[in-house]
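Right, one structure below, let's go through it.
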Amino acid sequence: MRILFVCGRARARSPTAEQVFSRWPGLETASAGVSDDADEPVEADHLAWAEIIVVMDRAHRRKLMRRFGPALRHARIVCLDVRDDYAFMEPELVSLLEARASRFLPSGCRPDQAARSKA
């Protein structure tokens with residue numbers, strides 16, 4: 001499953017999510033930002049690649065819809081409601097992302113599920 005994580009400037013939340021979930025079996029991850037000064041700005045290619053688009057807050061969803069509306073007609077977009085209060089790979093951010101995003105991911109992708117299926 002291909003997941004695009006989106007935040008504002010792609011400096012803390014979405015790159016953390018990309019790194020954390022890239023280690024989960026069966027997931028391919030990428031991250032990008034909706035701001036003009038994002039380290040990795042969201043492009044149409046990102047959206048076409050993604051099976052699920054995970055935004056960190058509702059403002060990111062609105063910006064995506066304004067900029068790419070027609071391209072998102074069939075997209076699955078989920079919002080995690082994660083505030084921009086964390087540094088890259090901050091343990092509290094990692095825990096929050098895992099708790100909130102795991103609801104939207106297939107159970108077979110979770111590291112604990114993969115370990116049990118190999119046992």
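These figures come from a predicted structure and were not determined experimentally.
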How many angstroms lie between [atom1] in [X] and [atom2] in [Y], if you round to the nearest 0.5 Å?
X      : Y     : atom1 : atom2 : result
Leu27  : Ser22 : CG    : OG    : 9.0 Å
Arg100 : Cys79 : CZ    : SG    : 9.0 Å
Glu18  : Leu4  : CD    : CG    : 9.0 Å
Phe104 : Ile3  : CZ    : CD1   : 11.0 Å
Ile77  : Leu72 : CD1   : CG    : 4.5 Å
Ser35  : Lys63 : OG    : NZ    : 4.5 Å

Determine the minimum heavy-atom distance between [X] and [Y], stating which atoms define it.
X     : Y     : value
Pro15 : Ala10 : CG-O, 3.2 Å
Ser31 : Ser14 : CB-O, 3.3 Å
Glu90 : Asp85 : OE1-O, 4.4 Å
Ala75 : Ile53 : CB-CD1, 4.0 Å

Notebook entry, point to check: Under 4.0 Å between a Lys/Arg side-chain N and an Asp/Glu carboxylate O for Asp84 and Arg13?
Noted result: yes

Single-linkage hydrophobic cluster, 4.5 Å side-chain cutoff, [X] and [Y] together:
X     : Y     : value
Leu96 : Phe21 : yes
Val54 : Leu47 : no
Leu80 : Leu64 : no
Trp49 : Ile52 : no
Val42 : Val78 : no

Note to self: Using modelled atom types and a 3.5 Å cut-off, is there a donor and acceptor pairing between side-chain atoms of Arg2 and backbone atoms of Glu28?
What the structure shows: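 No; zero donor-acceptor contacts below 3.5 Å.
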
Close side-chain approach of [X] to [Y], heavy-atom, < 4.5 Å:
X     : Y     : result
Trp24 : Thr29 : no
Arg76 : Glu51 : no
Arg83 : Asp57 : no
Val6  : Met56 : no
Phe5  : Leu97 : no
Arg58 : Asp81 : yes

Check: Taking only residues at least two apart or on different chains, which pairs with a member in residues 32-46 satisfy salt bridge (charged side-chain N to carboxylate O under 4.0 Å, His left out)?
Finding: Arg11-Asp39

